[in-house]
There are 2 protein chains.
Amino acid sequence: MKTTLDSDRDLSAQIASAIRDAIVSGQLIVDERLPSEAELADTFAVSRPTVREALKRLAAQSLIRTQRGASGGAFVNRLSYDETVGQQITTATLLLSMNEVDFETACEARFALEKACAPASARRRSADHLAAMRAEIHRQSQPGLSDEGFCASDVAFHRALVEGAGNPVLGWHLAGAIEGMQPLMNMITFSARDRARIVGLHDAIANALEARDAQGVQTGLDALEHETLRLAGQVRAARAARRR
Amino acid sequence: MKTTLDSDRDLSAQIASAIRDAIVSGQLIVDERLPSEAELADTFAVSRPTVREALKRLAAQSLIRTQRGASGGAFVNRLSYDETVGQQITTATLLLSMNEVDFETACEARFALEKACAPASARRRSADHLAAMRAEIHRQSQPGLSDEGFCASDVAFHRALVEGAGNPVLGWHLAGAIEGMQPLMNMITFSARDRARIVGLHDAIANALEARDAQGVQTGLDALEHETLRLAGQVRAARAARRR
DNA sequence: AGATTTCATTTGTCAGACATTTAAAACTCT
DNA sequence: AGAGTTTTAAATGTCTGACAAATGAAATCT
């Protein structure tokens, strides 16, 4: 873990890097206790506040957790999917919103990744996953549902599809792809006819999944991608017209 | 950005959350300057070190950057793909290594996602991407190459395939999936015959990509996945035999 | 006017102190 | 001796105050 400090870069950043490397390379294993802040300050020859800033950087990435009191300290954290998926979504969301990614690019990525789940989900989806999807379809058919509610249900539907693949790694990657798109999706206002069309496609996908028909699921997702792009195009056209 | 502080959770964590929410929700826009540390300490009624710890948490996620000097301060950072892909890889790597994900699960996810890139890559790959892949194939054929070198070249090959899709969002998601697998791949020792087989499959994939044959690329990736699983099975069998 | 110096602002770092939490050790009473 | 209580020590969380270093802007000088 020891490295020479450059003194030109931020000390806390360098110390965080050194400890992070030790964790990634396996020199520090899960649940192992790091030296106390005072000891770290000694070994790196810096003050305790500087060490603390470094530790907070690591805590922000969920790499460590801290515990107060005797026999407390900083411990290497076992990264969990649930813990990291939030950061994943935050990052994905900001990447899309800050970099002016055109809707087509984001949409292509999102559906391409989701289609990648189709074969595994068709093979392994349980009755529960199917029921969850049917429930969301039912919610989406309610006339009084708000646009945000419709989008949230849409996300839940697709999350259920992905969960059906029974692969936590796949689920983790997809969470960012699907939820990160939500702000972009929220810019769309869905007419009753649009909603009916989408619900119909969701139904077709659920049916294909029930029949364990991977190809059918992918076809449904293709149609859904096409429909989404069409709606986005309408929004853009309306906006251009208003500007004129 | 103002919120009531609970005083039971870490103050710096709460302050970081408040600022993070302000960024995600768009109240703070890219390149906007945050109040100085002293001002933040005032508004949140905490000391400057506490504010600094909060800011370091945000810096660890690349949400802000800081600059010293007059008219310096903390600025909302425009998240770039290059900046965040490193964190993405670190997280993905640790998730796999810390959670004892079985090789099959990780492998399935990785190849499923990569297959998702095949259609776009077949359509849009440039001559440069193809040349990069050919170059890596050539490197992989060198007899003197070390196992790590072989793995690194393998990663570069697949990265080129993904980049060929010309979709930065897709590329960002795939980077974690592919590079995160590297530690698991490094546990495999490749015999000369194994390498020849893999290089042959790489060649087939490159040929399919040259012919813009998406189905051929997917078939090649399927075969590569099968081959990878076979090699991993050998390693596991050898390990079980040694333990006996 | 242009170059130089000074200055104010802001982050980076340090030292020392106190508060709070927590588990283990010491102690007391039955 | 054993169970419950109190004390204590170690660790993080927070605060105060200070100085160093960087940096842009204002003031000054040629």
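A, B, ... follow the sequence lines: proteins, then strands. Residue 1 opens every chain. This structure is a prediction, so every number in the text was calculated from the model and none was measured.
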Practice item. Would you check if A:Arg239 and A:Val235 make a side-chain contact, meaning some heavy-atom pair closer than 4.5 Å? Key: yes

Revision key, fill the gap. Between A:Arg139 and A:Gly149, the two heavy atoms sitting closest are NH2-O, 3.8 Å

Review point. Looking at A:Arg52, does any N or O in its side chain come under 4.0 Å of the phosphate oxygens OP1/OP2 on D:dT12?
Key: no

Review point. Taking OP1 and OP2 of C:dC14, is either one under 4.0 Å from a side-chain nitrogen or oxygen of A:Thr50?
Key: yes

Practice item. Could you tell me the separation between the CZ atom of A:Arg125 and the CG atom of A:Leu130, rounded to the nearest 0.5 Å? Key: 5.0 Å

Revision key, fill the gap. Closest to the side chain of A:Arg33, out of C:dT22, D:dG24, D:dA11, is D:dA11

Check your understanding: Does a side-chain N or O from A:Arg48 land closer than 4.0 Å to OP1 or OP2 of C:dT13, or not?
Key -> no

Practice item. Identify, residue by residue, the members of residues 53-67 of chain B with a heavy atom below 4.0 Å from DNA chain D, and return them in order of residue number, or none. Key: none

**Study point:** Whole-Å distance separating the CZ atom of A:Arg9 from the P atom of D:dA22
**Key:** 16 Å

Exercise for review: Identify, with sequence neighbours excluded, every residue that meets ring pair (Phe, Tyr, Trp, His ring centres under 6.0 Å) alongside A:Phe103.
Suggested key: none

Practice item. Please work out which of the three classes, parallel, tilted or perpendicular, describes the rings of B:Phe111 and B:His158, given edges at 30° and 60°. Key: perpendicular

**Study point:** Contacts of A:Ser12 that satisfy side chain to side chain donor-acceptor pair (under 3.5 Å) - sequence neighbours left out
**Key:** A:Arg57

Check your understanding: Can you tell which of D:dG24, D:dA21, C:dT21 lies closest to the side chain of B:Ser71?
Key -> D:dG24

